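As structure tokens, the structure follows; a few thoughts come after it.
Numbering starts at 1 and runs along the sequence shown. Keep in mind that this is a model prediction, so the values were computed, not measured. Below, each value reflects all heavy atoms present in this structure, side chains not excepted, and no hydrogens, waters or symmetry copies.
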Amino acid sequence: MFEEHRDNRHDGHAGHAGHEQDGRLADVEIEYDQYDDLDDLDGHDGNDDGAPRSSTTRRVVMVAAGGVFAALLAVGGYGAYNVLNAVTDNGPAGGHQGAGTVAKAPQEPPTAEQAESTAKEFLAAWSRGDIPAAAGLTDRPETARAALATFHEHMGARSLALTGTGPAKAEGPSEPALGFRVKAEFEGTPDAWEYDSVLSVVRSQDGRPVVRWKPSVIHPQLTPGRTIGVQETPNPVSKPTDRKGRPLDTFPSLRAVLPQIAPPDGAAATTGRAVVLSGGGESEPLFVLTPPSAPVVKLTLDADLQQVAEDAVKQQAANGNPASLVAVQPSTGHILAIANAPQGGFNRALAGGQAPGSTMKVITSAALLEAGVRPDTVVPCKETTYSPRAWHNDESGDFPSYTLADDFSRSCNTGFIDKGLEKLQPGTLGTVARDQFGLGLEWHIGVPSRDATIPTPGNKDEAAAAYIGQGRIQVNSLVMASVAATVQNGTFRQPVLREDAKRVTAPSRLPADVARDLRAMMAKTATQGTARTPMAGLSGQIGAKTGTVEAGGQATNSWFIAYRGDLAVAAEVEGGGHGFSAAGVAAAQVLKAGGGKG
């Protein structure tokens, strides 16, 4: 179609110098003349020489441009404006709409009076919603018409007032500029949206002063590829606070948690509305019409302890190691702090799954105590034992006189493996974990969380691995903080983030003597055993257990669970080394800040 159009134009302009010698120049001239026809849509003829235009030319261009414009208005938005701009504009966005509309030869710039008159007429037409008239007063009428129509459609303002504010800084000596103020009023909103913008005035080919069209005429921040319109603003379904009513939305570790907090039964959020500048991969609210509102939900978290937990985990994960920490109040099951690294990403503390290492020996000890083993029962700590797989300890050497309490405080693997294989039946560990520690009972804490996985071993090697927290066992900081809290309190209380969460209860509680013996063994570990370094200086009722997990290669994962008074903590740092190092330091910081009180 356009090839035929070029032939007609060659025949009609045989007298133009250079057209027959240089086909490329002819193409450029023809393309410019195509844009001249766009002015005819508004009743302006840009043909200076008075020669009649080819009706075929006009028909072809109007069909092409008009068809594209109609299709773009069907989909709407400045995306439409940008596509139309690409079809009908040779220059960069914000430039002239073809050389046929702006003079090809130098002309005198519009006078200040002409510029002011043109701007006043343009703003008046735009204010009253006469889009064709306003667009016709620009150098790119079709592009301006599409953009202004879309702006009006997307804004839905009750009224729009545009008032000149006087001369403004010009882009060039031939383009006097004028400032103006936009005031938009909306239904249901008492305040008006007001902002300032600038337009410049140039001469068209026929000498008329016209507004140079570019997106920033609508709004100074509007650029090609971006849109402005009223949108519903993303709003939380609830507004969570800590247990004292303090906001929690500044804590990076809670970014994945707070949006999951559902409103109380019968309460609902109210969606907000705002004028939004969007596109280019980001959105920016320019004016809030109605702010979103959400019902307040008071969580069990403590903002002060949450900050300490965030800082502690961040410090121990400084080398990029994933880590997590959870603090729980044993007397209530209230979750007081949740911290993750990396911050703001996957909620490792509640939804992760890792082997717990020797922190699992708390549950193994409970099973052995119930099977008749006492804390002072001699359980030799061999340098190596077999299940038939070979097992070793972090501490080299044989210690034939170690008791169960010694094995616990020194974290002897071989003693637990030998006594576990001797005294416990397959599945006993999982039964004790479920019935007395509440693990694997499908907790409902107020947000999604992952329960512990403690499968029944299929052979002695798998059983040996389970007794020292290796193999297929999977837990997270939430689970292990609850284990420490259960020992401290003697009764499992399911951790919760909100008071109205539906709790599960364990089928039974720890026998009183078993709970007493476990507390004594954890106290010995905290004061004389592997946890003594991080727990040093902490007073009151304290207890701890370290865990070091073989993770393949030379790296080991650091685990630490502990309590001080009515505060229990579990921490883990992937690749953090021994349990008393990275995880132990983080947990101890929280216990120290908690002051022994939940």
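Checked by atom type, the side-chain pair S324/N340 shows no donor-acceptor distance below 3.5 Å. In this model, a donor atom of one side chain and an acceptor atom of the other lie less than 3.5 Å apart for T414 and N393. Residues S278 and S283 bring no donor and acceptor atom of their side chains to less than 3.5 Å of each other. Remark: the S411 side chain and the S358 side chain contain an N/O donor-acceptor pair separated by less than 3.5 Å. Q306 and D302 are not linked by any side-chain donor-acceptor pair at a separation below 3.5 angstrom, with hydrogens and angles left out of the test. A donor atom on one side chain and an acceptor atom on the other are not found under 3.5 Å apart for S409 and T525. A donor-acceptor contact closer than 3.5 angstrom links the side chains of D461 and S387. Using modelled atom types, one finds no donor on one side chain facing an acceptor on the other under 3.5 Å when comparing S508 with D435. A donor-acceptor contact under 3.5 angstrom links the side chains of E310 and S253, judged on distance only. Q488 and Q541 form a side-chain donor-acceptor contact under 3.5 Å, judged by distance and modelled atom types alone.
For Q221, the CD atom is densely surrounded, since the number of other residues' heavy atoms within 6.0 Å is greater than 12. In K382, the NZ atom is not crowded: 12 or fewer heavy atoms of neighbouring residues, nucleotides or ligands sit closer than 6.0 Å.
T290 places a side-chain N or O within 3.5 Å of a backbone atom of R273 that can act as its donor or acceptor partner. Under a 3.5 Å cut-off, the side chain of D566 and the backbone N or O of Q329 do not form any donor-acceptor pair. At distances below 3.5 Å, at least one donor-acceptor pair connects side-chain atoms of T300 with backbone N or O atoms of I335. The backbone N or O of G279 sits less than 3.5 Å from a side-chain atom of R226, completing a donor-acceptor pair. Checked by atom type and distance alone, the side chain of D242 pairs as donor or acceptor with a backbone atom of K244 at under 3.5 Å. Between the R450 side chain and the V479 main chain, no donor and acceptor come within less than 3.5 Å of each other.
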Run the side-chain hydrogen bond (donor to acceptor under 3.5 Å, both in side chains) check on H154 and Q231 step by step: do they pass? CA-CA 9 Å; H154 285 189; Q231 299 179 13; over 6 Å; no
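The structure places CD1 of I454 at 5.0 Å from CD1 of I363, a figure rounded to the nearest 0.5 Å.
Here the rule is side-chain hydrogen bond (donor to acceptor under 3.5 Å, both in side chains) with H334, and of E499, R243, R493 only E499 fits it.
Note on D406 versus K524: salt bridge recorded, some NZ/NE/NH1/NH2 to OD/OE distance being below 4.0 Å. Look at D500 and R498 and you find a salt bridge, because one of the NZ, NE, NH1 or NH2 atoms lies within 4.0 Å of a carboxylate O, short of that distance. A salt bridge is absent between D249 and K239; no separation between the charged side-chain nitrogens and carboxylate oxygens falls under 4.0 Å. Classification of R348 and E572 as a salt-bridged pair holds, one side-chain N sitting under 4.0 Å from a carboxylate O.
Ring orientation note: the planes of F287 and W193 are close to parallel, at an angle under 30° on the 30°/60° scale. Taking the six-membered ring where the residue is Trp, F416 and F408 present tilted rings, their angle falling between 30° and 60°.
Ring centroids of W443 and F492 are separated by less than 6.0 Å, placing the two rings close together.
Scanning both residues, S581 and G577, for their nearest heavy atoms gives OG-C, 3.9 Å. The two residues D407 and C381 have their closest heavy-atom pair at OD1-CB, 3.6 Å.
L439 has its side chain within reach of V483: a pair of non-hydrogen atoms, C-beta onward, lies under 4.5 Å apart.
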